[in-house]
Amino acid sequence: MERLRQDDPSQIGPYVVLARFDADSAERTVPERRYLGRTADGERTVLLCAPRAGADPSRWAIEAEGARRLSVPRFLGIAEVGGTAGFPWYAAPYTPALPLPAVLAAYGGPLPEDTVRRLGAVLAEALAAAHAQAVTHAGLSPAAVLVTPGGPLLTCVGAVRAAAPDGVRRSGLPGLAPGCLAVEQASGGRPGPLGDVFALGAVLAYAATGHTVPEQSELPPGLRGLVGSCLSSDPAARPQSAGEVLRELVSPAAGAGPGGAASRPAGAAYPPAGTVLDHTAVPLPGRVVAALAAQSAALLAAELPAPQQPFASSQKVH
């Protein structure tokens, strides 16, 4: 939660804009502009999102409306889409939330492997549910993951599709963290489930190391095989579904050995019998919980701007 800048809108639709949602330092890696807002009567507080400067607003609006119609577990529920052709926006009910980069900042560095596995498992499960509905996220990055007290939420759906025709380059996509765009998408290919698997690998790498493109040695040994295969430039070498990534994350023994899934003997049980990680909850470190509480308290304390008084002309005294 950051102070508004001079170039930020003071009002979006019926909502008074109170603060920027993302830190200024993260602006280059967020696919859309995000704000916290409130109705003039103070009854509703929302997360407001609008296109980045230079983005194609019509494409962005199409993706926003498509996301509003989705019913996918762990995808941010969009309540309202509005605006004009030049400035579309959408609103979602506010819940205390931190984008993944802010979570690492609050924690003081990369997250423990157990937390990374639980977080990744919830995200993989959400992607698997989306893919089962023929929906590709096409915008997954660390900034697209919002961590809440009730678990992570996925935002920025369709960021790759919403890019202007010449917006996707081999070097990446404006607003998308480096390393989150699969090679086939950077080359102009249509976003698909295996592109989401690639991006999920980048998010796992970021959560575990603070980098979306880490050195293998930076990754925890238990995640090297899985993350490395997700980030393969060859789609055929990646896990072939988000469900496969989920199984690898909740059943660490399935990838016994440094190669993860690739080192499993042919015909081996998948996942193997034994203890399976319970990913129904993602326990948050105390410093992250404190940061969520601080955000909520600051937002509750934020006052709406005082309405301007109508100009009163001076009266002549007779």
Side-chain angles (χ1 to χ4, degrees), residues 29 100-101 103-105 107-128 137 140-145 147 152 154 172 176-186 193-279 282-283 285:
T29 56
L100 188 56
V103 169
L104 267 66
Y107 183 67
L111 301 175
E113 180 179 345
D114 179 72
T115 303
V116 174
R117 283 186 174 276
R118 291 173 187 271
L119 176 69
V122 175
L123 299 180
E125 192 168 51
L127 291 174
H137 185 283
L140 183 57
S141 69
V145 179
V147 176
L154 283 173
L176 203 67
C180 291
L181 191 64
V183 174
E184 65 273 16
Q185 292 179 4
L194 292 183
D196 281 352
V197 169
F198 181 96
L200 178 56
V203 169
L204 290 171
Y206 181 84
T209 69
H211 309 290
T212 52
V213 189
E215 298 292 336
Q216 278 285 96
S217 59
E218 294 181 84
L219 289 162
L223 291 173
R224 287 175 189 169
L226 176 60
V227 171
S229 61
C230 286
L231 293 177
S232 173
S233 59
D234 179 5
R238 297 173 202 155
Q240 293 301 290
S241 70
E244 186 175 337
V245 178
L246 170 62
R247 291 190 291 270
E248 288 286 341
L249 288 168
V250 301
S251 304
S263 66
R264 185 188 308 108
Y270 186 47
T275 302
V276 175
L277 179 71
D278 178 11
H279 65 287
V282 183

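Keep in mind that what you see is a predicted model, and the values were worked out from it rather than measured.
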Legend entry - Non-hydrogen atoms of Gly201 and Leu231 that approach each other most closely: C-CD2, 3.8 Å
Inset, instruction - Please name the pair of heavy atoms, one in Ala124 and one in Ala242, separated by the smallest distance, quoted to 0.1 Å. - result: O-CB, 3.5 Å
Inset, instruction - Decide yes or no for Val145 and Leu154: does some side-chain heavy atom of the first lie under 4.5 Å from some side-chain heavy atom of the second? - result: yes
Inset, instruction - Nearest 0.5 Å please: distance from the CZ atom of Arg117 over to the CD atom of Glu248. - result: 8.5 Å
Legend entry - Rounded distance (nearest 0.5 Å) linking atom CG of Leu181 with atom CG of Leu140: 11.5 Å
Inset, instruction - Evaluate the side-chain proximity of Leu204 to Leu119: yes if any heavy-atom separation is below 4.5 Å, no if none is. - result: no
Inset, instruction - May I ask you to decide if Pro235's main-chain N or O and Gln240's side chain share a donor-acceptor pair within less than 3.5 Å? - result: yes
Inset, instruction - May I ask you to test the Cys230-Val245 pair for a side-chain heavy-atom distance under 4.5 Å? - result: yes
Inset, instruction - Look at the side chain of Ser229 and the backbone N and O of Leu226, then say whether any donor-acceptor pair between them is shorter than 3.5 Å. - result: yes
Inset, instruction - Measure the spacing between CD of Gln185 and CZ of Phe198 and express it to the nearest 0.5 Å. - result: 9.0 Å
Inset, instruction - Ignoring hydrogens and angles, tell me if any N or O in the side chain of Arg238 forms a donor-acceptor pair with the backbone of Val197 under 3.5 Å. - result: no
Inset, instruction - Quick one: closest heavy-atom pair of Ala121 and Val250, and the distance? - result: CB-CG1, 3.7 Å
Legend entry - Reported OG-to-CG distance for the pair Ser241 and Asp196, which is rounded to 0.5 angstrom: 12.0 Å
Inset, instruction - Please report the shortest heavy-atom distance between Leu100 and Pro142, naming the atom on each side. - result: CB-O, 3.2 Å
Legend entry - Spatial distance of atom CG (Leu194) from atom CG (Asp234) [nearest 0.5 Å]: 10.0 Å
Inset, instruction - Hey, could you give me the SG/CG distance between Cys180 and Leu200, rounded to the nearest 0.5 Å? - result: 10.0 Å
Legend entry - Considering all heavy atoms, the nearest Ser233-Glu184 contact: O-OE1, 4.4 Å
Legend entry - Leu249 vs Leu223, side-chain contact (heavy atoms from CB on, under 4.5 Å): CA-CA, chis, key distance, verdict: CA-CA 8 Å; Leu249 288 168; Leu223 291 173; 4.1 Å; yes
Legend entry - Heavy-atom pair of closest approach, residues Pro152 and Val282: CD-CG2, 4.2 Å
Legend entry - Verdict with reasoning, Val227 to Gln216, per side-chain contact (heavy atoms from CB on, under 4.5 Å): CA-CA 9 Å; Val227 171; Gln216 278 285 96; 5.6 Å; no
